Novice: 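Below is a structure I'd like to ask you about.
Order of the sequence lines sets the chain letters (A, B, ...), proteins ahead of strands, with each chain counted from 1. What you see is a predicted model; the values in this text were computed from it and never measured.
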Amino acid sequence: MTIFSTLLSKLEDTLHIAGCLCLIAVAALINADILLRLFFNEPVQIQFELTELYLMPALATLSLSRVFREGGHLALDFMPEHLPGMAGRIAVILRLLLPAAFFAAITYMSGKFALRAIAHGDIEYGVIDWPLGWAYAVVPLGCGVLVLRLIHDAFSKGTDDQTQSHI
Amino acid sequence: MLTFTVILILLATLMAFRMPIAFAMGIAGFVGLSVQLGLRPALAVLERTFFDTSSSFILVAIPLFILMAELLTAGDVTRRAIVACQSWIGHVKGGLAMATVAASVLLAALVGSSTASTAAMAASAFPEMRSHRYSDRLSAAVVSVGGTLAVVVPPSIVLVVYGVLTETSIGKLFIAGIVPGLLTACGLALVIKLIAHTTDQAPKGDPFQLGKAVRNSRHVIPMALLMVAVIGAIYGGIASPSEAAALGVMGSLIIVLFQRTLTFAALNRSFSGSIRATVMIVTIVACSAIFANYLAFTRITHGLLEFVATTDMPREVIMGIIILALLVMGMFMDQLAILSLAMPLAFPTAMALDYNPVWFGIVVTKTVEIGLLTPPLGLNAYVASAQTGVPLRTIFRGIVPFLLMEILVLAILLLFPSITLWLPSLMLN
Amino acid sequence: TLRLGDFQSTSHIVSVEGTTKWMAAVEEATGGAIKFEHFPSQQAAKSKAQLDAVNNGILDAALLGALYHAEALPLNSVVGLPGYYSSAVQGTEAVQQMLAEGPLREELLASGVTPIFGFVLPPYQVLAKARLGLPADWDALDVRTSGSTQALTARALGGVGISIPGPEVYTAVERGRLDAVLFPLASVPGYKLNEVVSHISTNASFGGYSFIMVVRSDLFDGLGDDVKAEMLRLGKETAMHVAQAQDASVSTLLEQWKAEGIDTYAFTQDELDAIGEALTAVSSDWVERIGHDQAAAVLESYRSLTSN
Ligand code: NA
Ligand code: NA
């Protein structure tokens, strides 16, 4: 279990760094576009499509799981965190396993969708020909790791509290 | 209707058991779609919802403005600027919270999206209010409510979408938003004053000293320069409002590098914070899109609006019902989803009743903005909570007095159309 | 009851004179045997997801914007090319003919849907704060374009194609971020661009845009022959009607803008020739880019259908 925990955290951190790099790329590309256009009348033509098709989806979905680990997906907090007995068991299932099933469905469907696009070689005709499958692929990647995280948390008591605290 | 009630109960139960709101809306929407359309089509909805939601250039304003605020905060620029404000108005009770509202108005002139504005203020103004012993409840509420100004004060994504959906002049809408925006800001300042005088949530700062105030004022210069540069870039035609956010990031990076106040660890935290807030927002928007999709297939809002469109009640009552319906929708849906769902029916109804399209646009915008502050789906409160760590319950409690003021302002706008229409009619001549 | 998806709002002329009209006519003609539940404004699926939604059973029918589906329907994107049809009626006649038989129809059938009717927006014109004529006037201008074909169009004329989201175009023109906009005139009032430009061309063709009403094939094939025939007949009528309505609306709009003091101008024959010359590259690039063995043939038949 601890090896799995460590590996999962490593995986989440790696995807998070990828997301951060996408954000840096967005900021850099738009600035380059503005400045080159302003001073040399030579815009970075690929900026808009690259941002919209690849960078935004990547930076919005790759860190799904790490954000969950850090308690970043907001929940209403009117009920106490830990309920005793049966209610507590149901709460865990509702809170962790139901979303796990939901995101597993998203992972499966969006993964199939991405694979089909990759296999067909679907293309968005833009400033250059953008392969769409690879743009779609970030969604199942981010959601898939979230599924692992939800299952992991459901079956390991206590880690919940530790991870929530280092926000 | 029965299944719809069951789905709502499911949604409420999931949220009560502390499931993340995004997940709860997605699951409730998915179950609803499965009942309505069957399992296979419901699964097919999941294929591309996340991609379609996140693949949008207009969204870049969110991570970029948050990053800008995070950088300025990490580099101590915001704190110094607020210290400067503090030395001028800190001796007034609640002065810092009022300064936050004023800053929100300035930021609103630059940002067209509430969530981006809230996140930016939460990253910069909140820590200052906290360190000046303001209560978390008041500080986080002010930040959430101030964010709604971004959409009433031009430029505004919501007003543009309204203009496009209803073929109303966007230029006139923009001008018409100015006075209601300032009116709202004054109302908020009034609420802050009342709270400051009746509770100890907003303590007094040090007594006023002219020399110190003047000396501290130089700390405002970097922020002021940045504002001028970014607004100048938009109005000078160098960048579109979304692109200007990237200029803001570069500008703040230059400032903090120049001041040598940024550590590598803080830089890292800024990027993480920006990604975190963006992921949270996009997940909620994507999941609530699944729920909105279900809502569309139930035809419930369609039926309600159609009823309103065909009934022969007095026009004030019908307008009241429309506003009420929009407020209820605001509890569950994001603003743009509400507009595209409601305007095709609500707009022709309002026009048939001889209301002014520009006025109606401002009233509708104001109404859907109030939805950003109400549970269960109150995006601004979520963003503020994610950014500040203050529990949602506390924020929603803190928002209540401001919400009453927002509704009062809305009522004033409803009763006196001339407040909204005066400035555009002036510009017309 | 058929669930019909639509990315346009019900207030757009394409919906008022096209989609909504056709649905009502079909419901009446079939005596209620066919009924529609209409989901406008992307309520049921986003613009780019409409075709998938029909295939997946989320929807039964949809009004597709052909250019949103260029990856699944590459040949149908021929209508986006500049320099062909000169009015909505002419373009619609061509599209209807190509959807009746030939590669465009085959391509739709192959993706699981049956085309009922198709029509076009009036050709794209240029809106700017100056009168643009010969390609020399376009040198280094920032032109708002949507999609690759239009970006190539701007480049072929010497300008720079700029992508800006629809809702931001108004602000961008107003503040000078954009020098010119390629836009279908029918959509100009929606985005209120007439408030921020001073010159609008009337007789150019900087590209086109086609809508195709489709029904899922297995569903359509299961309908009675008379029902199918009625849907097609009324589709044909609606296509021509919405085209005429748009052409009429464009001339009304032009008069209105003229009265507002906007210079609505026609290109001279010399200018049209020079622009046409510059734009031939866009079509040959399209054939190459699509890389489909029928692309050249499709272009040739489209050319002949729009050249009278
Ligand atoms: Na604004
Ligand atoms: Na709400």
Side-chain angles (χ1 to χ4, degrees), chain A residues 16 19-20 22-24 26-31 33-34 37-38 48 51-64 66-68 70 72-79 81 83 90-91 94-96 98-99 101-103 105-106 108-110 112-114 135-136 138-139 142-143 167, chain B residues 13-24 26-27 30 43-51 53-57 59-60 63-64 67 233 238-239 242-243 245-247 249-250 253 268 271-272 274-284 286 375-376 381-382 385-386 389 391-393:
Chain A
H16 180 70
C20 288
C22 289
L23 177 58
I24 297 175
V26 169
L29 274 172
I30 298 181
N31 274 300
D33 186 24
I34 296 172
R37 186 205 300 148
L38 189 61
F48 186 89
T51 302
E52 185 161 283
L53 279 176
Y54 295 85
L55 299 175
M56 273 309 295
L59 77 83
T61 53
L62 286 181
S63 300
L64 261 171
R66 181 166 144 146
V67 170
F68 180 80
E70 295 178 341
H73 291 291
L74 293 173
L76 295 182
D77 43 12
F78 298 96
M79 290 253 272
E81 169 97 47
L83 295 167
I90 295 174
L94 282 184
R95 201 185 306 152
L96 298 168
L98 212 52
F102 175 64
F103 278 96
I106 296 183
Y108 178 71
M109 294 308 292
S110 62
K112 217 171 61 175
F113 187 66
Y136 298 148
V138 292
V139 175
C143 292
I167 296 170
Chain B
T13 312
L14 296 180
M15 289 203 289
F17 277 94
R18 305 179 72 126
M19 182 187 287
I21 294 143
F23 302 178
I27 292 171
F30 175 74
L43 280 170
V45 167
L46 304 182
E47 271 183 356
R48 52 187 301 165
T49 304
F50 267 78
F51 182 80
T53 309
S54 57
S55 170
S56 148
F57 190 81
L59 277 185
V60 298
L64 291 176
L67 182 57
I238 293 166
S242 304
E243 295 171 341
L247 280 180
V249 168
M250 188 180 61
L253 198 59
N268 233 329
F271 282 113
S272 282
S274 168
I275 290 283
R276 218 175 97 139
T278 310
V279 167
M280 193 275 288
I281 296 170
V282 172
T283 309
I284 288 192
Y382 292 178
S385 172
L392 267 182
R393 183 183 22 171

Novice: Picking from A:Ala91, A:Cys143, A:Ala28, A:Gly142, which has the most non-hydrogen pairs under 4.5 angstrom with chain B?
Specialist: A:Ala91
Novice: Who among B:Ile275, B:Thr53, B:Val282, B:Leu253 has the most heavy-atom pairs with chain A under 4.5 Å?
Specialist: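 Of the options given, most contacts go to B:Ile275.
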Novice: Rounded to the nearest 0.5 Å, what's the gap from CZ on B:Arg48 to CD1 on A:Ile106? Could you check?
Specialist: 14.5 Å
Novice: Fit a plane to each ring of A:Phe68 and B:Phe23, take the angle between them on a 0 to 90° scale, and name the class: parallel (under 30°), tilted (30 to 60°) or perpendicular (over 60°).
Specialist: parallel
Novice: Which bit of B:Phe271 comes within less than 4.5 Å of chain A, counting heavy atoms only: side chain, backbone, both or neither?
Specialist: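 Both the backbone and the side chain of B:Phe271 come within 4.5 Å of chain A.
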Novice: Working to the nearest 0.5 angstrom, can you tell me the gap between B:Leu247 CG and A:Asn31 CG?
Specialist: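 If we round to the nearest 0.5 Å, B:Leu247:CG and A:Asn31:CG are 5.5 Å apart.
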Novice: What residue in B:Ala22, B:Gly26, B:Ala286 has the most heavy-atom pairs under 4.5 Å with chain A?
Specialist: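 Most pairs with chain A among the choices: B:Gly26.
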Novice: Would you mind telling me which of A:Gly19, A:Ala101, A:Cys20 has the largest number of heavy-atom pairs within less than 4.5 Å of chain B?
Specialist: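 Ranked by heavy-atom pairs under 4.5 Å with chain B, first place is A:Cys20.
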Novice: Could you go through the side chain to side chain contact (heavy atoms under 4.5 Å, CB included) check for B:Leu46 and A:Ser110 one step at a time?
Specialist: CA-CA 7 Å; B:Leu46 304 182; A:Ser110 62; over 6 Å; no
Novice: With sequence neighbours left out, write down each residue that passes side-chain hydrogen bond (donor to acceptor under 3.5 Å, both in side chains) with B:Thr283, or none if nothing qualifies.
Specialist: none
Novice: So, taking the atom named CZ in B:Arg276 and the one named OG in A:Ser63, what distance separates them when rounded to the nearest 0.5 Å?
Specialist: 11.0 Å
Novice: State the OG-CG distance between B:Ser55 and A:Leu53, to the nearest 0.5 angstrom.
Specialist: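 Those atoms lie 5.0 Å apart.
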Novice: Nearest 0.5 angstrom please: B:Ser272 OG to A:Glu70 CD, how far?
Specialist: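 Rounded to the nearest 0.5 Å, the OG-CD separation comes to 7.0 Å.
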Novice: Sort B:Leu14 into side chain, backbone, both or neither according to what part of it lies under 4.5 angstrom from a heavy atom of chain A.
Specialist: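 Just the side chain, heavy atoms under 4.5 Å.
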Novice: Checking B:Glu47 now: which residues fulfil side-chain contact (heavy atoms from CB on, under 4.5 Å) with it, not counting sequence neighbours?
Specialist: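 B:Glu47 satisfies side-chain contact (heavy atoms from CB on, under 4.5 Å) with A:Met109, A:Phe113, A:Arg116, C:Asn56 only.
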Novice: Where on A:Ala135 is there a heavy atom nearer than 4.5 Å to chain B: the side chain, the backbone, both, or neither?
Specialist: both
Novice: Examine whether an atom of A:Leu98 lies under 4.5 Å from a heavy atom of chain B, and if so say whether it belongs to the side chain, the backbone or both; otherwise answer neither.
Specialist: both
Novice: Within this structure, what is the OG1-CZ distance for the pair A:Thr61 and B:Phe50, rounded to the nearest 0.5 Å?
Specialist: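 If I round to the nearest 0.5 Å, the distance is 8.5 Å.
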Novice: Please rank A:Leu23, A:Val26, A:Leu62 by heavy-atom pairs under 4.5 Å with chain B and give me the top one.
Specialist: A:Leu23
Novice: Between A:Leu64 and chain B, with a heavy-atom cut-off of 4.5 Å, which part of the residue counts as in contact: side chain, backbone, both or neither?
Specialist: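 Its backbone and side chain both get close to chain B.
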Novice: Looking only at heavy atoms, what is the nearest atom pair of B:Leu64 and A:Ala27, with distance?
Specialist: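 For B:Leu64 and A:Ala27, the tightest heavy-atom pair comes out as CD2-CB, 4.0 Å.
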Novice: Closest approach of A:Ala60 and B:Val279, non-hydrogen atoms and distance?
Specialist: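 Nearest pair, atom of A:Ala60 first, then B:Val279: O-CG2, 3.5 Å.
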Novice: Does any backbone or side-chain atom of A:Phe103 lie under 4.5 Å from a heavy atom of chain B? Answer side chain, backbone, both or neither.
Specialist: side chain
Novice: So what's closer than 4.5 Å to chain A heavy atoms on B:Val60: side chain, backbone, both or neither?
Specialist: both
Novice: Please check: side-chain N/O of B:Arg18 versus main-chain N/O of A:Arg95, any donor-acceptor pairing under 3.5 Å?
Specialist: no
